[in-house]
Structure formats: structure tokens, C-alpha cells
> 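Quick one: the structure is below, and I'll ask about it shortly.
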Amino acid sequence: MRINGKKYRTIWYEDDVVKIIDQTKLPHQFIIKDLKTIKDAVKAIKTMEVRGAPLIGGTAAYGIVLAIQENKNLDFIKKSSEELVNSRPTAINLQWAVHRMNNRLSFVKSDELLDVALKEAKLICDEDVKFCENIGFNGLKIIEEIYNKNNKTVNILTHCNAGWLATIDWGTATSPIYHAHKKGIPIHVWVDETRPRNQGANLTSYELNEENIPNTIIADNTGGILMQRGEVDMCIVGTDRTLSTGDVCNKIGTYLKALAAFDNNIPFYVALPSSTIDWDIKDYKKIPIEERDSMELSHIEGIDEQNNIKRVLIYPKKSKSINLAFDITPAKYVTGLITEKGICKASINGLKQMFSKL
Ligand code: MRU
């Protein structure tokens with residue numbers, strides 16, 4: 001999608017380095033950063049210079065490329081793979097991409113490793129673009145139906161950033177929105193601020209602005225009253241890991257939005273590529289939930305009048321806080337899963353019909 005009218009992907013390989021958009025600097029500074037080593041790739045994922053489940057997967061794939069560029073020794077590649085898998089625990093795309101890269105590389109001759117790894121990393125990213133584009137075509141049908149019924153601007157609520165910045169391009173939750181906008185359907189997006197890191201305000205609103213899509217940032221607790229007032233037609237969110245049972249793990253606060261949507265009879269959709277499905281874990285309590293530094297809660301970052309990015313403390317110095325990054329929305333609150341193959345019920349049968357893997 002576009003920034004300042006120029007088309008970008010979130011990650012690409014050029015002149016032996018991996019290029020990323022440093023998301024810790026958005027929306028105030030647009031900086032393209034070079035990742036040159038496996039350490040750079042691991043750090044980019046840990047510090048959330050790149051974030052969002054599909055983009056973490058893409059970065060991990062290119063991380064393996066960087067590891068091979070440094071050292072073709074199999075023990076080094078194995079150690080690098082482990083470091084990547086351990087860099088963030090919840091989004092399953094990370095381990096999915098690392099396993100896929102390692103499977104592809106097994107039995108490949110040493111002098112061909114780099115070439116094969118590069119092709120596979122590029123393929124993982126290209127596939128993600130195609131899948132997210134298809135999610136858009138599939139989700140568009142729901143938006144069109146609402147528009148044809150009401151014949152007025154469709155109000156969509158989203159949480160966190162499941163936009164193109166969280167993927168390689170298009171986004172998951174935002175892809176149907178971009179497609180609807182292209183088709184001329186009037187859309188307005190309620191963007192949950194998404195404390196503590198404000199991915200909604202800093203990233204989703206930013207990318208929607210760049211595509212001229214009307215949007216309004218709301219505090220995370222505002223969605224409920226908007227739903228009660230009839231000002232939300234549907235919710236679409238992304239996911240970091242969806243179980244074959246249809247239970248959805250996504251950014252903290254998603255669950256409360258789903259409860260409010262359920263209470264107000266508002267459709268609540270989750271958009272995902274198949275790389276985000278965990279086919280193994282059946283019990284959502286077994287999903288590893290990332291706990292991040294409580295500084296992300298107690299401090300806030302912004303820009304001062306001299307355009308310097310500043311971080312300030314907003315809590316009493318002595319107060320304790322806990323920063324759980326994800327929660328679970330049980331399948332019963334999910335109206336449907338919008339995937340690259342179509343829309344299905346958030347259930348074993350729904351996913352079974354859509355994908356043959358179960
Ligand atoms: O902690 P983050 O910013 O990586 O969390 C991202 C999300 O929760 C997204 O909603 C999810 O990864 C879906 S991305 C298409």
C-alpha cells in the first residue's frame with residue numbers, strides 16, 4: 001500500500017540486506033532500516049520494529065537468509081532458528097515460517113543454501129500478499145451486503161493494527177476495507193487506540209489516512225457505547241493464532257470487543273491467512289501469552305514541539321503494572337473467519353470444510 005503516495009511492502013531484500021519500515025518510529029518518522037545479521041532480525045522482532053503475525057513470519061524467513069549469509073554451518077542455522085522462534089511467543093506465523101524454511105533447506109547442498117533460502121523467503125512473503133488480497137475479496141462481500149441493505153456509510157470497528165503494516169501488504173482486517181473503498185463503498189473505520197503500545201492510533205489510523213479512508217481513533221473503552229448507539233455495523237480484527245476449534249488469540253482487548261459486539265448483535269469477524277492457524281493446540285489455555293515490559297504501560301511516547309520523540313512516565317513511580325499482550329476470544333463470539341479461501345464458521349467443522357489439514 002502507499003505512504004506519501006509511494007507503494008511499499010513492509011519488508012524486502014535488496015543489495016544483500018533486508019529492508020524494513022521501522023514501526024517503532026511511526027507515525028512521526030518514516031524510517032527504512034537495514035537488517036544485516038541474524039541478531040538484527042531477532043532484535044527487530046523483539047523490539048517490535050516489525051510486528052503483526054504475518055510480518056513477524058516474513059521477517060523470520062528473511063532472518064534465516066541473513067543467518068546463512070553470515071555462516072552456512074548447520075549448527076549456526078539451527079541456533080539462529082531457535083533464537084527466531086523464541087523472539088516472540090504468541091504469533092504462530094513465526095514458528096510456522098522458521099519450520100517451513102528449515103524443511104525447505106534440509107538436504108540442500110551448502111553452496112546452494114543461500115539461493116534456496118532467498119527464494120523460499122520471497123515465496124513466503126509473496127504468498128502472504130496473495131492470501132491477504134484474497135481475504136480482501138472475501139471480506140468485501142460482507143461489507144457489500146451491509147451497504148446494499150442500509151445504503152449508507154458502513155461503520156467498521158477494528159482493534160490493534162491488522163493492517164498492511166502487520167503483514168507484507170494489504171493487511172488482514174483492513175484488506176476488505178481497502179477493497180470496499182476501491183469499489184466506491186463509503187466506509188468509516190472506528191480505530192481502537194489499543195493501549196499500551198497504541199498500534200491502532202499509531203499504525204492503523206496512519207495507514208488508513210495514507211489511503212484516504214475516513215477513520216476516527218477511539219479510546220479502547222469507547223466501542224461499547226458506540227455499539228449500543230447503533231454506530232458500529234461490524235467489527236473486523238486480526239489474529240496472532242487461531243486454533244482449529246475456532247478460538248482466536250489476538251491483541252489484548254479483543255475479547256471485550258467481541259463480548260460487546262455479541263451483546264449488541266453486531267457481526268464480529270476475524271480475518272486471517274492459513275499461516276495463522278495452530279492445528280496442534282486444542283485448548284486455548286495452552287497458548288503462550290506474551291507478557292511484555294511493564295514500562296510499555298507506565299511510560300508513553302510522543303512528539304514534542306521541536307519534533308523530538310520523547311518518552312514520559314505517566315504512573316506513580318511506585319505503582320506496579322502488568323502487561324499481557326494478548327487475550328482469547330472464544331469461538332462462540334466469532335461470527336466468522338475470513339480466510340484466503342473464503343469465509344467459514346469459527347469451528348472445527350468450519351475450518352475442516354475450508355482446509356483439508358484436519
Ligand atoms: O503485538 P503486535 O503489534 O505484534 O500484535 C499484532 C496483533 O495483535 C494483530 O492484530 C495480529 O498480529 C494480526 S496481524 C494481521
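Just so it is clear, the model here is predicted, and its values are computed rather than measured. First listed ligand is number 1; within each ligand, the first listed atom is number 1.
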> Taking 4.0 angstrom as the limit and counting only heavy atoms of Lys251, give me the atoms of ligand 1 inside it, by number and element.
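Counting from 1, the qualifying ligand atoms are 1 (O), 2 (P), 5 (O), 8 (O).
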> When you check the side-chain N and O atoms of Asp22 and Thr24, is any donor under 3.5 Å from an acceptor?
yes
> Quick check on contacts: which atoms of ligand 1 are under 4.0 angstrom from a heavy atom of Pro54?
14 (S), 15 (C)
> Looking only at protein heavy atoms, identify the closest one to atom 10 (O) of ligand 1 and say how far it is in Å.
Asn250 OD1, 2.8 Å
> Only heavy atoms of Thr172, strictly under 4.0 Å: list the atoms of ligand 1 that pass.
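Answer for ligand 1: 15 (C).
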> Using a 4.0 Å cutoff against the non-hydrogen atoms of Gln199, which atoms of ligand 1 qualify?
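Counting atoms of ligand 1 from 1, those under 4.0 Å from Gln199 are 1 (O), 2 (P), 3 (O).
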> Is it the case that over 12 heavy atoms from other parts of the model lie below 6.0 angstrom from the CD atom of Glu145?
no
> What residue among Thr59, Asp128, Thr276 forms side-chain hydrogen bond (donor to acceptor under 3.5 Å, both in side chains) with Asn93?
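Only match with Asn93 under side-chain hydrogen bond (donor to acceptor under 3.5 Å, both in side chains): Thr276.
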> Measure the acute angle between the ring planes of Tyr62 and Tyr13, then classify it against the limits of 30° and 60° as parallel, tilted or perpendicular.
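Ring orientation of Tyr62 relative to Tyr13: parallel.
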> Determine the interplanar angle of the Tyr8 and Trp12 rings, folded into 0 to 90°, and report it as parallel if under 30°, tilted if 30 to 60°, perpendicular if over 60°.
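Correct class here is tilted.
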> Within a distance under 4.0 Å of any heavy atom of Phe326, pick out the atoms of ligand 1 and give their elements.
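Answer for ligand 1: 1 (O), 5 (O), 8 (O).
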> Would you call Ala325 a ligand 1 contact, heavy-atom distance under 4.0 Å?
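Distance cut 4.0 Å: Ala325 fails for ligand 1.
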> When only distance counts, is His159 in polar contact with ligand 1, meaning an N/O pair under 3.5 Å?
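N/O-N/O distance under 3.5 Å: no.
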> Does Asn161 have a heavy atom less than 4.0 Å from any atom of ligand 1?
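Asn161 counts as a contact of ligand 1 under the 4.0 Å cut-off.
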> Of the side chain and backbone of Thr239, name the one, both, or neither that has a heavy atom under 4.0 Å from an atom of ligand 1.
backbone
> Compare Arg88, Met48, Gln23 and give the one whose heavy atom is closest to atom 4 (O) of ligand 1.
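Nearest heavy atom to atom 4 (O) of ligand 1 lies in Arg88.
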> Just by distance, no angles: are the side chains of Asp247 and Thr245 close enough, under 3.5 Å, to form a donor-acceptor pair?
yes
> Take Ser81 and Asn102 through the side chain to side chain donor-acceptor pair (under 3.5 Å) test and state the conclusion after the steps.
CA-CA 8 Å; Ser81 301; Asn102 278 293; 3.0 Å; yes
> Could you tell me which atoms of ligand 1, counted from 1 in the order shown, lie closer than 4.0 angstrom to a heavy atom of Ala53?
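Answer for ligand 1: 12 (O), 14 (S).
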> Can you tell which of Arg51, Arg292, Arg241 gets a heavy atom nearest to atom 6 (C) of ligand 1?
Arg51
> Considering the heavy atoms of Ala166, write down every atom of ligand 1 situated less than 4.0 Å from one of them.
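By the 4.0 Å cutoff, the relevant atoms are 14 (S), 15 (C).
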> If you draw the axis of the six-membered ring of Phe326, does the NZ or CZ of Lys251 fall within 45° of it and under 6.0 Å from the ring centre?
yes
> With atoms numbered from 1 as shown, which atoms in ligand 1 lie under 4.0 angstrom from a non-hydrogen atom of Thr167?
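Per the distance check, 15 (C).
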> Within the 3.5 Å criterion, strictly below it, is a donor on Tyr178 or Glu207 matched to an acceptor on the partner's side chain?
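Result is yes, a qualifying pair exists.
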> Could you identify the single nearest non-hydrogen protein atom to atom 11 (C) of ligand 1 and state the distance to 0.1 Å?
Asp240 OD1, 3.1 Å
> Check the pair Asn250 / Thr239 against side chain to side chain donor-acceptor pair (under 3.5 Å), numbers first and verdict last.
CA-CA 5 Å; Asn250 191 44; Thr239 166; 5.3 Å; no
